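Notes for the one structure printed next.
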Number of protein chains: 2
Amino acid sequence: MSGVRAQQKEKTRRLLIDAALNQLSAERSFSNLSLREVAKEAGLAPTSFYRHFSDMDELGLTLVDEAGLTLRQLMRQARQRIAKGGSVIQISVQTFMELIESNGNIFRLLLRERSGTSAAFRAAVIREIRYFTMELRDYLQQANQLDAEVAYMQANAAVTIVFSAGSDALDIDDKNEREQLAQQTIQQLRFIARGAAELSDRRKAGKK
Amino acid sequence: MSGVRAQQKEKTRRLLIDAALNQLSAERSFSNLSLREVAKEAGLAPTSFYRHFSDMDELGLTLVDEAGLTLRQLMRQARQRIAKGGSVIQISVQTFMELIESNGNIFRLLLRERSGTSAAFRAAVIREIRYFTMELRDYLQQANQLDAEVAYMQANAAVTIVFSAGSDALDIDDKNEREQLAQQTIQQLRFIARGAAELSDRRKAGKK
DNA sequence: ATAAACAGCGTACAAGTGTACGCTTAAATG
DNA sequence: CATTTAAGCGTACACTTGTACGCTGTTTAT
């Protein structure tokens with residue numbers, strides 16, 4: 001079992017995934033992408049699609065997984081940069097904005113399918129975002145000595161703000177405008193961090 | 001010109017609008033709604049649709065207008081309640097959550113088309129939300145004596161948080177869970193308010 | 001060496017789409 | 001009253017969609 005066959009299969013599976021990803025854009029969402037178009041882009045006959053996915057939905061869920069992976073890469077990269085010193089918030093936002101610039105399509109997928117029409121998709125996207133939020137919560141709780149619940153609320157708010165800013169950034173061409181958006185986002189995250197720190201302190205004081 | 005004809009026309013136009021609105025749901029977005037389906041739901045022949053709208057896009061933009069109207073109603077209602085005393089943030093969130101419960105479909109439309117595939121739609125939705133944000137900014141600036149830019153950042157963050165919570169609320173059936181979400185949202189808005197107030201104070205002090 | 005498995009293709013079909021065109025019928029206009 | 005206007009309908013057409021089915025050629029298993 002040299003695996004020549006399996007290897008080839010994996011290769012064209014990848015072709016399909018990339019074909020779908022490449023067709024995504026501001027004016028093209030996954031949900032109005034047809035099986036035939038994806039197959040065509042991948043250089044396959046429409047019916048060959050079924051050798052790899054039973055459905056467009058199945059392909060879509062694979063893409064969401066891919067997006068989750070990207071999100072985790074983001075988190076890791078931000079951590080590495082933070083370890084070298086500097087403002088945590090600033091570095092995080094900057095890293096996030098870089099990701100959006102280089103992976104706009106996959107990020108669009110997440111944003112759109114989060115409020116999309118397929119329950120399975122919504123669930124998958126929400127799961128990825130929740131995972132991301134929880135990781136941030138753990139970090140905040142430990143790094144800032146926060147009350148657990150407060151840390152969650154901060155993480156949740158921060159993710160919401162950053163994702164929303166990311167969505168806006170996708171529609172902005174001008175470099176200066178994007179920088180301005182980033183600065184605003186940083187300030188907003190600081191608002192939240194400040195409020196969270198205070199509440200956490202108040203809770204600790206109350207318990208004593 | 002008694003207007004019997006014009007009156008009837010307006011009536012079936014309304015029929016089309018309502019037909020579209022009624023077909024929206026968690027699993028049905030405007031963009032995958034066909035002209036034929038809308039016409040059928042309204043009890044019209046497909047081709048009669050064109051007597052009222054040249055396009056599904058035109059109908060869609062009308063719906064966005066409708067949503068903007070709803071948003072302004074919301075703002076007015078919240079103001080009335082606030083005038084009678086109570087926590088501004090709490091009342092606002094509660095009013096918003098009530099709106100979502102009674103107008104889920106129109107709210108879904110806004111959320112979805114904001115990151116949808118039609119540039120015209122996106123622009124229209126963003127315009128409505130910006131209008132809403134600006135009104136909140138003016139209120140915050142005046143009521144809390146804030147620096148103008150800080151007031152904008154607070155308003156922007158608050159709208160983002162509330163809309164995101166609204167989107168989540170649409171997927172929650174359990175009454176208690178929704179209440180919990182509301183409480184969390186209130187707390188997050190307080191984080192932001194606190195951070196904004198501080199920055200505004202700091203800026204004022206710096207200028208003196 | 002022989003047989004089985006299987007990725008990929010071409011054909012074919014039913015279903016649904018937007019919309020052009022001409023007709024009918026009732027209101028508006030003169 | 002006579003004429004024009006226009007909302008609504010039915011038919012028709014060209015497309016696109018998902019997918020069922022059977023064939024081919026190559027890799028894998030025996």
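Bear in mind that the values here come from a model prediction, so they are computed numbers and not experimental data. The chains referred to below are lettered A, B, ... by the order of the sequence lines, with proteins before strands, and numbering in each begins at 1. The basis for the numbers below is simple: all heavy atoms, side chains too, and nothing from hydrogens, waters or symmetry mates.
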request  = Could you tell me whether a side-chain N or O of B:Asp147 sits under 3.5 Å from a main-chain N or O of B:Val150, the two making a donor and an acceptor?
outcome  = yes
key: Distance in angstrom units between B:Lys11 NZ and D:dG8 C1', rounded   = 16 Å
query = Do A:Asn156 and B:Gln188 have side-chain N/O donor and acceptor atoms under 3.5 Å apart?
reply = yes
key: Atom pair distance, as rounded to whole Å: CD in A:Gln7 and C1' in D:dT28   = 15 Å
inquiry  = I'd like to know if the side chain of A:Arg194 reaches the main chain of B:Arg194, judged simply by a donor and an acceptor atom lying under 3.5 Å from each other, with no hydrogens or angles considered.
reply    = no
task = For A:Gln23 and A:Glu41, test the side chains for any donor-to-acceptor distance below 3.5 angstrom and give the result as yes or no.
result = yes
query = B:Phe49 has an atom CZ; how far is it from atom C1' of C:dA20, in whole Å?
reply = 16 Å
query = How long is the line joining CD of A:Glu58 and P of D:dT19, in whole Å?
reply = 12 Å
query = To the nearest Å, how far apart are A:Asp55 CG and D:dT17 C1'?
reply = 14 Å
inquiry  = Show every salt bridge (charged side-chain N to carboxylate O under 4.0 Å, His left out) that has at least one partner inside residues 158-186 of chain A, sequence neighbours left out.
reply    = A:Glu101-A:Arg178, A:Asp171-B:Arg122
note = Quick tally for nucleotides 5-18 of chain C: nucleotides whose base has a protein heavy atom under 4.0 Å get B, sugar-phosphate-only ones S, the rest -, giving BBBBBB-B----BB
key: Salt-bridge present (A:Arg14, A:Glu66; N to O < 4.0 Å)   = yes
